[in-house]
K.L.:
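If you scroll down you'll find the structure; I have some questions about it.
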2 protein chains.
Amino acid sequence: MTDTKDKIASSLHHQFAEHGFATLGVEALRAGADVSLRTLYKHFPSREEMVVGALEHRDGLYREWISGGPGEGAAHVLHPFMRLADWLRDVANLGCLSRYALASYPDSPLIRGTVEAQKRAVREMFHARLLHVAPECDADLLADALFLMHEGLTESARLMGQEAAVAATLHSAKALLRNNGIN
Amino acid sequence: MTDTKDKIASSLHHQFAEHGFATLGVEALRAGADVSLRTLYKHFPSREEMVVGALEHRDGLYREWISGGPGEGAAHVLHPFMRLADWLRDVANLGCLSRYALASYPDSPLIRGTVEAQKRAVREMFHARLLHVAPECDADLLADALFLMHEGLTESARLMGQEAAVAATLHSAKALLRNNGIN
DNA sequence: CGACAGGTAGAGTGATCACTCTACTTTTGC
DNA sequence: GCAAAAGTAGAGTGATCACTCTACCTGTCG
């Protein structure tokens, strides 16, 4: 039932995150999840839905991971970056899995919709945090800017080294907030 | 000879950029390049090398595209962002093609090496521009930061709208440079 | 003229793909 | 206690994959 589905989704997530979307066949996914092919297809009727299942599983984990924070000041806005830094350290990671899914299947409306919703949610999360700590600020512009830094960090941490990437991102984000009167 | 190879590389680039790496078969690539299968394999002996050929073709175009600039002040450092804005408008684009190639074939050393070299080159380009206009600055940190913004913009322009993404990036980058005494 | 480099068309190959199906066993709820 | 639901194993299917091969054509240069 739901237990099994979650277990499979978690396995799909880990396997896609580690090996990408192009080289993993359904048989390998089945073996990794340690279920029968029939069960796998009962919960995820096509490869496309396996991809979506993995993305949604990861998104749930990530939202939970970055939630919370000190509640006021620049630190509240920067909290997701601090958490992302640990996320990038812990999770098998070749960048943003959702974006890679979209790149691998650019013609799938299902995957496109899933990814766009997830990205929009991150941007809105920054928007809400900004309004929370500085109701007068230009939250649209700043949320866009922070979202872009978030994406840059997610994508590049592995390539340029996690420590340097985090340091550079925090430096930029603090400069941005300070220039806009948020401390 | 080289003419043919360039023509094929250009076609490979366009096709991968438009449809991604997962769904395009070699037969489709052949048809798009309008050559025989034998010729295609003569110049690119495997699918992997077709991917690398496309990436290198794109990298050549991009380096040329962002080169130059006013030669001094913050505008010199920001020049690649201005050019990237136009690039994102013109080129069929689902994000950074190199990164997607790496995500699609994370186990290929050939592709990994190609992508890492390209990314390093962009970061070094910012580093050189920073030292050129402000020899005393912390060029390592700032180059990292600008590189991350560059990656964020490249990846997110399509998803969040090219205009808003460019505006937010320039706002952040200017704040960063101003905070470090570069005007 | 004639050789040769570099092109063409397209059938063939064995592997692998996503996905289905049959037949059987275990777990769960009333 | 016994259906019904949900799991198992694993063979089979037709399509498609990356890649090879045979056979032929064409433009250039000595």
K.L.:
Would you mind reporting whether A/Leu176 and B/Leu176 have side-chain heavy atoms less than 4.5 Å apart?
P.N.:
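Side-chain contact under 4.5 Å: no.
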K.L.:
Could you work out, with side chain to side chain donor-acceptor pair (under 3.5 Å) as the rule, every residue matching A/Glu48, not counting sequence neighbours?
P.N.:
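Expected list: A/Ser108.
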K.L.:
Restricting to side-chain contact (heavy atoms from CB on, under 4.5 Å), what partner residues turn up for A/Gln118, sequence neighbours left out?
P.N.:
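A/Leu55, A/Glu56, A/Asp59, A/Ser98, A/Thr114.
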K.L.:
Mind checking side chain to side chain donor-acceptor pair (under 3.5 Å) for B/Ser156 and listing every partner two or more places apart, or none if nothing turns up?
P.N.:
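If we apply the side chain to side chain donor-acceptor pair (under 3.5 Å) test to B/Ser156, skipping adjacent residues, there are no hits.
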K.L.:
Among residues at least two apart in sequence or on other chains, which ones pass side-chain contact (heavy atoms from CB on, under 4.5 Å) with A/Asn179?
P.N.:
B/Ala175, B/Arg178, B/Asn179
K.L.:
According to ring pair (Phe, Tyr, Trp, His ring centres under 6.0 Å), who are the partners of B/Phe147, at least two apart in sequence or on a separate chain?
P.N.:
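So B/Phe147 forms no ring pair (Phe, Tyr, Trp, His ring centres under 6.0 Å) with any residue.
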K.L.:
Can you check the B/Lys42 NZ to C/dA5 P distance for me, whole Å?
P.N.:
9 Å
K.L.:
Can you name the side-chain contact (heavy atoms from CB on, under 4.5 Å) partners of B/Ala139, sequence neighbours left out?
P.N.:
B/His127, B/Leu130, B/Leu131, B/Cys137
K.L.:
Is there a residue in residues 48-55 of chain A whose heavy atoms reach under 4.0 Å of DNA chain D, and which residues are they?
P.N.:
none
K.L.:
Table please: side-chain donor-acceptor pairs of residues 67-83 of chain A below 3.5 Å, with sequence neighbours left out.
P.N.:
| residue | atom | partner | partner atom | Å |
| --- | --- | --- | --- | --- |
| A/Ser67 | OG | A/Glu64 | O | 2.8 |
| A/His76 | ND1 | A/Gly71 | N | 3.1 |
| A/His79 | NE2 | A/Ser67 | O | 3.2 |
| A/Arg83 | NE | A/Trp65 | O | 2.7 |
| A/Arg83 | NH2 | A/Trp65 | O | 3.1 |

K.L.:
For a quick test of reading the model: is some side-chain N or O of A/Thr4 closer than 4.0 Å to OP1 or OP2 of D/dG7?
P.N.:
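Yes, because at least one side-chain N or O of A/Thr4 sits under 4.0 Å from OP1 or OP2 of D/dG7.
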K.L.:
Going by the rule side chain to side chain donor-acceptor pair (under 3.5 Å), which residues pair with A/Lys174 if we only count those two or more places apart in sequence or in a different chain?
P.N.:
none
K.L.:
Of A/Lys7, A/His14, A/His13, A/Gln15, which meets side chain to side chain donor-acceptor pair (under 3.5 Å) against A/Ser11?
P.N.:
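With A/Ser11 as partner, side chain to side chain donor-acceptor pair (under 3.5 Å) holds for just one option, A/Gln15.
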K.L.:
What one-letter contact string describes nucleotides 8-16 of chain D from 5' to 3', where B marks a base within less than 4.0 Å of any protein heavy atom, S marks contact via sugar-phosphate atoms alone, and - marks no contact?
P.N.:
BB-------
K.L.:
Side chain of B/His43, heavy atoms from C-beta onward: which of C/dC19, D/dT20, C/dG7 has the nearest atom to it?
P.N.:
C/dG7
K.L.:
Could I get the full list of side-chain contact (heavy atoms from CB on, under 4.5 Å) partners for A/Leu37, not counting sequence neighbours?
P.N.:
A/Val26, A/Arg30, A/Leu40, A/Tyr41
K.L.:
Could you tell me how far apart A/Phe44 (CZ) and C/dT20 (P) are, to the nearest whole angstrom?
P.N.:
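These atoms are roughly 16 Å apart.
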K.L.:
With axes from five pairs an end, tell me the bend angle of the helix from C/dC1-D/dG30 to C/dC30-D/dG1, nearest 10°.
P.N.:
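Overall, the helix from C/dC1-D/dG30 to C/dC30-D/dG1 bends by 10° from one end axis to the other.
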K.L.:
To the nearest Å, how far apart are A/Asp3 CG and D/dG7 P?
P.N.:
10 Å
